[in-house]
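Below you'll find the structure, written out as structure tokens, and then a few comments.
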Protein chains: 2
Amino acid sequence: MTDGVVERSRPRDRILETARDMFHKHGIKGVGVDAITEAAGTNKMTLYRHFESKDELIVECLRANALKAGAMWETFEAEHPGDKLAQLHAWVRKAAAMLNTDGRGCDMANAAAELTEPDHPARRVIKELKEAQRERLVGLCRDAGIGQAELLADTLSLLFEGARVSVQTVGAEGPSTQFVRMAEGLIVSFRGTAAN
Amino acid sequence: MTDGVVERSRPRDRILETARDMFHKHGIKGVGVDAITEAAGTNKMTLYRHFESKDELIVECLRANALKAGAMWETFEAEHPGDKLAQLHAWVRKAAAMLNTDGRGCDMANAAAELTEPDHPARRVIKELKEAQRERLVGLCRDAGIGQAELLADTLSLLFEGARVSVQTVGAEGPSTQFVRMAEGLIVSFRGTAAN
DNA sequence: GCTGGAAGTTACAGACCGGTAACACCCTAG
DNA sequence: CTAGGGTGTTACCGGTCTGTAACTTCCAGC
């Protein structure tokens with residue numbers, strides 16, 4: 001499971017999966033289409049039959065990431081049915097786990113750092129997906145009966161985002177080790193405020 | 001003041017300044033040495049007489065950035081001599097101002113996102129500079145008489161880091177607008193705890 | 001004015017990039 | 001068995017990248 005994702009499945013799926021993995025590990029500009037197709041056990045022509053350009057492949061990878069991340073929320077609901085507060089704590093634990101298992105930051109944030117052209121197709125997708133992500137967290141906080149749900153959600157989300165870049169810059173032993181403590185403290189503090 | 005920093009000064013300084021600006025705006029892998037030297041009003045040979053490689057130029061740019069950021073702290077001390085709490089609030093205001101004036105994130109974080117090779121010379125420099133940055137903020141919190149200075153400093157720093165990536169992904173009208181509110185709230189909250 | 005070093009110029013090497021053309025192959029649906 | 005679409009192969013295009021060689025020009029200090 002290094003870079004060679006060569007299970008037998010349809011070429012398009014292999015390319016998408018391999019590209020996701022390699023973009024995540026080596027950055028978007030750090031990976032060429034040749035390297036992707038080779039690792040996916042196929043060739044460049046096949047890639048360009050399924051994706052009209054590398055940029056479209058990038059966009060598709062980001063969407064696939066978001067889809068996978070969306071599935072995460074469903075496990076929260078499955079593990080704590082109806083208990084929105086427990087689901088929020090599950091989110092915190094899940095976020096902390098990601099900090100320890102993955103030294104690279106958020107793919108969307110990394111992509112935004114790399115793709116600086118203001119009209120790059122990936123930028124609107126990133127914005128769109130990040131806003132959807134925020135809506136979900138806000139909804140969770142609100143349903144958990146927390147006053148100022150937006151503020152808590154935004155704070156937690158900035159904290160997590162910051163923790164991910166911190167892991168990327170100073171490593172997993174830096175300030176990100178305190179993430180759970182910070183997040184739990186915030187939740188307690190916000191629970192104290194009236195839910196008017 | 002777009003990309004053409006061609007004031008008359010020594011070529012090395014012009015190259016360094018121009019590279020800093022262009023790396024910041026377009027990303028490291030998004031800028032070639034030819035483009036840098038042209039914008040700096042010089043040529044490639046001169047660049048390679050002063051920097052042994054692009055990687056070394058990158059490292060030097062990061063160090064120059066940190067130097068400039070270090071000067072910021074001195075203005076805090078100059079504007080609020082001895083009043084460490086006021087300096088901490090000045091840091092919050094300054095951070096918020098950066099969120100609104102600069103749509104790109106932290107150069108070190110962006111560089112870490114782009115330069116994925118684990119032994120890239122820039123990575124150790126980034127870690128070193130980020131740790132120094134943290135020490136400064138921790139010191140400020142401690143001198144401001146705040147209990148759990150490390151935890152507050154880390155929280156503020158993760159919040160700020162997260163706000164910068166948020167600006168880069170969803171824009172300045174997203175969650176980052178709440179940064180000052182979050183930060184001030186945290187400071188108040190930590191001031192309440194005993195300084196034992 | 002002369003000299004020596006810094007800076008500019010041109011050309012090039014070698015590698016890699018994204019993307020395409022033309023053609024051979026294989027495998028499955030009919 | 002056959003037809004046809006998906007796939008593989010090879011070669012190529014034009015461009016860009018970092019880095020270097022050889023040479024000229026400029027300019028300050030003596």
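Just so we're on the same page: letters track the sequence lines, and every chain starts at 1.
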Would you please say whether a donor-acceptor pair under 3.5 Å links the side chains of A:Asp21 and A:Thr18? no
N-O pairing of B:Arg164 and B:Glu161 below 4.0 Å: no
Salt bridge present between A:Lys44 and A:Glu38 (N-O < 4.0 angstrom): no
Return the value, rounded to whole Å, for the distance between atom [atom1] of [X] and atom [atom2] of [N].
| X | N | atom1 | atom2 | result |
| --- | --- | --- | --- | --- |
| A:Arg10 | D:dG8 | CZ | P | 13 Å |
| B:His50 | C:dG5 | NE2 | P | 15 Å |
| B:Phe51 | C:dA7 | CZ | P | 11 Å |
| B:Asp13 | C:dA7 | CG | C1' | 14 Å |
| A:Leu47 | D:dG8 | CG | C1' | 14 Å |
| A:Glu38 | C:dC16 | CD | C1' | 14 Å |

For residues 113-123 of chain A, which residues have at least one heavy atom under 4.0 Å from DNA chain C? none
Quick one: sort the B:Phe160 and B:Phe179 rings into parallel, tilted or perpendicular, breaks at 30° and 60°. tilted
Closest heavy-atom contact between A:Gly41 and A:Arg14? O-NH1, 3.4 Å
For the residue pair B:Ala64 and B:Arg20, what are the closest heavy atoms and their distance? CB-CD, 3.7 Å
Under the side-chain hydrogen bond (donor to acceptor under 3.5 Å, both in side chains) rule, what do B:Asp102 and B:His24 come out as? Steps first, then yes or no, please. CA-CA 10 Å; B:Asp102 178 24; B:His24 177 74; 3.0 Å; yes
Across nucleotides 9-28 of chain D, 5' to 3', mark each nucleotide with B, S or - according to how protein heavy atoms within less than 4.0 Å reach it. B--------BBBBB------
Do any N or O atoms from the side chain of B:His120 and from the backbone of B:Thr116 form a donor-acceptor pair under 3.5 angstrom? no
